[in-house]
Protein chains: 2
Amino acid sequence: MVNSDRPTMHDVAAAAGVSQMTVSRVLRGDGYFSQDVKKRVADAAAKLGYIHNRLASVQRGMKNPMIGVVLPTLKNHVFTDVLAGINDTLSSLNMRPVFGVSEYSATAEETLVRDMLSWQPSGLILSGLEHTEGLKRAVVQSGARVAEIMDADGTPISASFGVSQETAGADMARHFLARGHLRVAYLGSQGGDDLRAAKRFSAFRDTLLAGDGEIIYERISKAPSSMTLGRDLAATCLQKAEGCDAIYCANDDLAAGALMHCITNEVSVPGDIALAGFNDLPFLAALPQQITTTHTPLYEMGVRAAKYVALDSPDDPPKEALKTRLVIGQTT
Amino acid sequence: MVNSDRPTMHDVAAAAGVSQMTVSRVLRGDGYFSQDVKKRVADAAAKLGYIHNRLASVQRGMKNPMIGVVLPTLKNHVFTDVLAGINDTLSSLNMRPVFGVSEYSATAEETLVRDMLSWQPSGLILSGLEHTEGLKRAVVQSGARVAEIMDADGTPISASFGVSQETAGADMARHFLARGHLRVAYLGSQGGDDLRAAKRFSAFRDTLLAGDGEIIYERISKAPSSMTLGRDLAATCLQKAEGCDAIYCANDDLAAGALMHCITNEVSVPGDIALAGFNDLPFLAALPQQITTTHTPLYEMGVRAAKYVALDSPDDPPKEALKTRLVIGQTT
DNA sequence: ACTGCAGATGTTAGCGCCATCAACCTTTTG
DNA sequence: CAAAAGGTTGATGGCGCTAACATCTGCAGT
């Protein structure tokens with residue numbers, strides 16, 4: 001409920017004995033005004049507890065310091081890392097993120113974006129490169145600056161800052177082959193909704209099969225990703241997949257959960273079985289063993305995307321593929 | 001950059017051959033209009049890709065489906081759990097959260113809230129009960145509905161949905177005493193900025209000392225909370241605090257990190273040393289041992305707060321203390 | 001035939017702000 | 001010392017939308 005007695009520039013103007021226009025100028029520090037007037041206005045505004053009404057100024061044509069951010073989930077720490085990069089950058093530029101979570105649904109994403117666009121944000125950050133046609137059309141028409149993050153394998157609407165999922169998957173497969181891990185299991189989550197994990201796995205499989213490897217077990221749970229899920233999936237996997245010598249997990253949470261299963265059940269890692277995840281999240285450093293994983297510059301990705309959408313350089317939209325890096329596991 | 005060629009109701013009206021007011025009515029489904037007009041307007045809106053301008057309608061006096069949410073950090077999963085509750089609830093009510101992160105700074109929080117208020121949100125969710133006077137004044141004057149979450153020991157601005165940190169701390173101390181853990185270490189993070197952790201520890205200490213216990217080691221790192229920090233703090237603690245038989249950690253991340261240290265160094269838990277955390281985050285279930293902790297209804301807290309601020313019941317603001325529950329550790 | 005009233009549409013005003021222009025006043029400059 | 005330049009303030013209009021009121025039609029009730 002917006003109180004109707006919230007003071008406006010008119011009220012401040014009356015209290016300071018000037019016109020409303022002068023108050024506007026003083027508060028924005030734009031144009032000419034005397035020191036005397038400046039002080040009177042500042043005092044009046046402080047006394048009344050005046051708060052600027054952005055709705056009105058944006059409507060009038062000012063830039064809206066609002067950036068819409070749509071992420072697939074908050075359950076995976078991956079996105080809180082990206083978010084941190086976005087948030088830190090936008091804060092320093094006096095802009096504010098508005099978040100939405102799509103739960104890996106393209107239609108939910110479209111609804112969310114349409115909703116956000118109704119606030120006339122000056123920018124938008126989306127996850128992944130796959131969106132509904134309706135979303136793309138709405139975004140383009142809105143004139144908001146858009147950046148797509150996370151992925152680099154595909155065609156962005158405009159700018160993109162992501163990593164190549166295919167390269168990451170293929171790199172990991174080559175590592176497996178080099179280490180002689182040929183009988184491999186794959187564990188995933190979110191059903192088929194996590195499209196980036198799917199791309200990764202597809203490239204991983206192709207590369208592995210092109211070598212002498214084989215996927216002897218594959219299980220993509222419908223549940224959202226979590227350490228607990230990873231632990232459970234690993235338990236079933238080790239029971240069913242005889243002769244399996246390595247597990248590739250869709251992400252670090254699953255891999256860490258798998259590691260917990262191994263520790264609890266005294267399965268030696270990587271002696272009995274090798275484990276690999278994806279993202280190189282900070283918490284991996286605290287585990288009893290450093291798991292093999294692919295480092296992705298999550299924070300940096302957030303920073304770049306935020307900078308791009310916040311500033312309005314007229315350059316043509318960059319499509320940057322950030323580098324991933326294989327992190328080899330070891331006992332600590 | 002908001003494109004000036006974004007279609008307005010006027011454009012839709014022209015395309016549909018009706019007045020702009022009629023478009024407004026049709027799109028809101030309010031008042032009278034014929035089926036024929038309804039269809040023409042809907043078609044025109046779809047063809048032009050019309051997106052409603054909320055700025056204008058809120059300015060005109062409509063309720064703003066925006067809720068400001070200020071959290072101390074995203075680095076601790078605690079807040080993403082709360083956030084999930086808030087987000088799910090608001091989504092189902094067609095409202096949108098706008099997030100801000102204060103990094104445990106009261107002045108940053110005030111800046112953030114003032115910023116948010118400039119968008120005329122209809123509600124606000126804040127963390128904790130301690131805020132600057134300026135913030136409280138601004139919030140009250142804004143007329144937005146406010147809910148404060150997390151804490152129950154203090155006086156809220158209006159509504160509050162939190163847990164008693166003091167009760168939780170004291171309960172844990174009683175558990176320690178009952179188990180005969182008398183030589184206790186305490187590990188914390190965020191310097192003195194995490195006021196709720198401080199309240200908890202204070203009550204814990206008082207209760208412990210009132211029994212036969214003592215705090216033989218205390219270390220509150222300035223770093224943000226993480227598993228890695230917990231692991232490092234535990235390492236130093238076990239080295240320095242001779243005869244220590246239990247560690248109370250400010251939260252589950254620290255406690256899990258401490259557990260990782262113990263596993264790596266073959267320190268038996270709880271044989272050699274007992275560990276306790278706070279919050280009962282879901283990932284604890286994946287660890288090789290269930291750590292002792294205090295369960296807090298994080299998601300539920302988010303749900304209740306979101307419901308309160310989203311709906312505009314005229315009841316006087318509820319001040320609810322949600323129940324915490326001690327979770328006793330065990331090996332899995 | 002005349003009221004009455006509901007259905008269907010349009011007109012007007014104004015939310016709070018800022019770009020633009022206009023007015024006036026003070027310096028500076030040739 | 002007039003003219004130009006610059007400092008200081010105010011009046012006006014309009015961004016896109018919706019509440020309130022106005023208008024006009026058709027048709028039921030008497």
Side-chain angles (χ1 to χ4, degrees), chain A residues 1-41 44-45 48-65 117-122 141-143, chain B residues 1-41 44-45 48-65 117-122 141-143:
Chain A
M1 302 298 74
V2 176
N3 236 338
S4 54
D5 58 3
R6 197 186 307 217
T8 71
M9 282 191 181
H10 256 105
D11 303 323
V12 176
V18 295
S19 75
Q20 176 268 330
M21 191 60 233
T22 299
V23 174
S24 173
R25 271 194 280 256
V26 171
L27 261 30
R28 279 176 302 131
D30 177 65
Y32 295 113
F33 46 83
S34 63
Q35 287 305 305
D36 172 52
V37 163
K38 176 178 177 177
K39 184 167 170 11
R40 269 156 50 209
V41 168
L48 296 178
Y50 172 76
I51 291 183
H52 181 67
N53 184 338
R54 273 226 183 84
L55 263 44
S57 58
V58 170
Q59 173 121 357
R60 185 61 186 68
M62 302 250 76
K63 177 174 174 175
N64 193 351
L117 286 176
S118 70
W119 273 304
Q120 325 288 102
S122 57
Q141 184 159 23
S142 78
Chain B
M1 296 308 74
V2 175
N3 238 339
S4 53
D5 59 4
R6 196 186 307 218
T8 71
M9 282 189 180
H10 255 106
D11 304 323
V12 177
V18 295
S19 75
Q20 176 266 332
M21 189 62 230
T22 298
V23 174
S24 173
R25 271 193 281 258
V26 172
L27 261 29
R28 279 177 302 132
D30 178 64
Y32 296 113
F33 47 84
S34 63
Q35 288 305 306
D36 171 52
V37 163
K38 176 176 177 176
K39 183 167 170 12
R40 269 156 50 211
V41 167
L48 295 177
Y50 173 76
I51 291 184
H52 182 67
N53 184 338
R54 273 227 182 87
L55 263 43
S57 59
V58 170
Q59 172 118 353
R60 187 60 188 70
M62 303 249 75
K63 178 173 174 174
N64 193 351
L117 286 177
S118 70
W119 274 305
Q120 327 287 101
S122 58
Q141 184 159 22
S142 79

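Below, chain A is the first sequence line, B the second, and so on; all start at residue 1.
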Roughly how far, to the nearest 0.5 Å, is OG of B:S57 from NZ of B:K63?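 Interatomic distance, B:K63 NZ to B:S57 OG, rounded to 0.5 Å: 13.0 Å.
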
Output the distance between atom CG (A:L117) and atom CZ (B:R6), rounded to the nearest 0.5 Å.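 Rounded to the nearest 0.5 Å, the CG-CZ separation comes to 6.5 Å.
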
Under 3.5 Å donor-acceptor, [X] side chain and [Y] backbone:
X	Y	answer
A:R54	B:W119	no
B:S122	B:N64	yes
B:Q141	A:L48	yes
A:Q20	A:A13	no
B:N53	B:T8	no

Given D:dT9, D:dG10, C:dG16, identify the nucleotide with an atom nearest to the side chain of A:V37.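 Among the listed nucleotides, the one closest to the side chain of A:V37 is D:dT9.
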
Starting at the 5' end of DNA chain C and moving along, which residue's nearest nucleotide shows up first, B:S34 or A:R54?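 Counting from the 5' end, the first nearest nucleotide belongs to B:S34.
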
Considering heavy-atom distances to DNA chain C, does B:G31 or A:Y50 have its closest nucleotide positioned more toward the 5' end?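 Between the two, 5'-proximity favours B:G31.
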
Which whole-number value in Å describes the distance from [X] [atom1] to [N] [atom2]?
X	N	atom1	atom2	answer
B:K38	C:dT9	NZ	P	13 Å
A:R40	D:dT8	CZ	P	13 Å
B:Q59	D:dC15	CD	P	13 Å
A:L55	D:dG14	CG	P	22 Å
A:I51	C:dC17	CD1	P	11 Å
A:W119	D:dC17	CH2	P	16 Å
A:R6	C:dG16	CZ	P	10 Å

Answer with base, sugar-phosphate or nothing: what part of the nucleic acid does B:Y32 contact at a heavy-atom distance below 4.0 Å?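 Base, at least one base atom sits under 4.0 Å.
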
Please check the phosphate of C:dG10 (OP1 and OP2 only) for any side-chain N or O of B:T22 closer than 4.0 Å.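 B:T22 to C:dG10 OP1/OP2: side-chain N or O found under 4.0 Å.
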
Find out whether A:M9 and A:Y50 are in side-chain contact, i.e. whether some heavy atom of one side chain is under 4.5 Å from a heavy atom of the other.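 Result yes, sub-4.5 Å side-chain heavy-atom pair found.
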
Check whether any side-chain heavy atom of B:V18 sits under 4.5 Å from a side-chain heavy atom of B:R40, and report yes or no.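 Yes. Closest side-chain heavy atoms under 4.5 Å.
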
Whether each nucleotide of nucleotides 18-24 of chain C has a protein heavy atom under 4.0 Å at its base (B), only at its sugar-phosphate (S) or at neither (-) is summarised, 5' to 3', as BB-----

Bend angle of the helix from C:dA1-D:dT30 to C:dG30-D:dC1, from helix axes over five pairs at each end, nearest 10°: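 Angle reported: 40°, given to the nearest ten degrees.
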
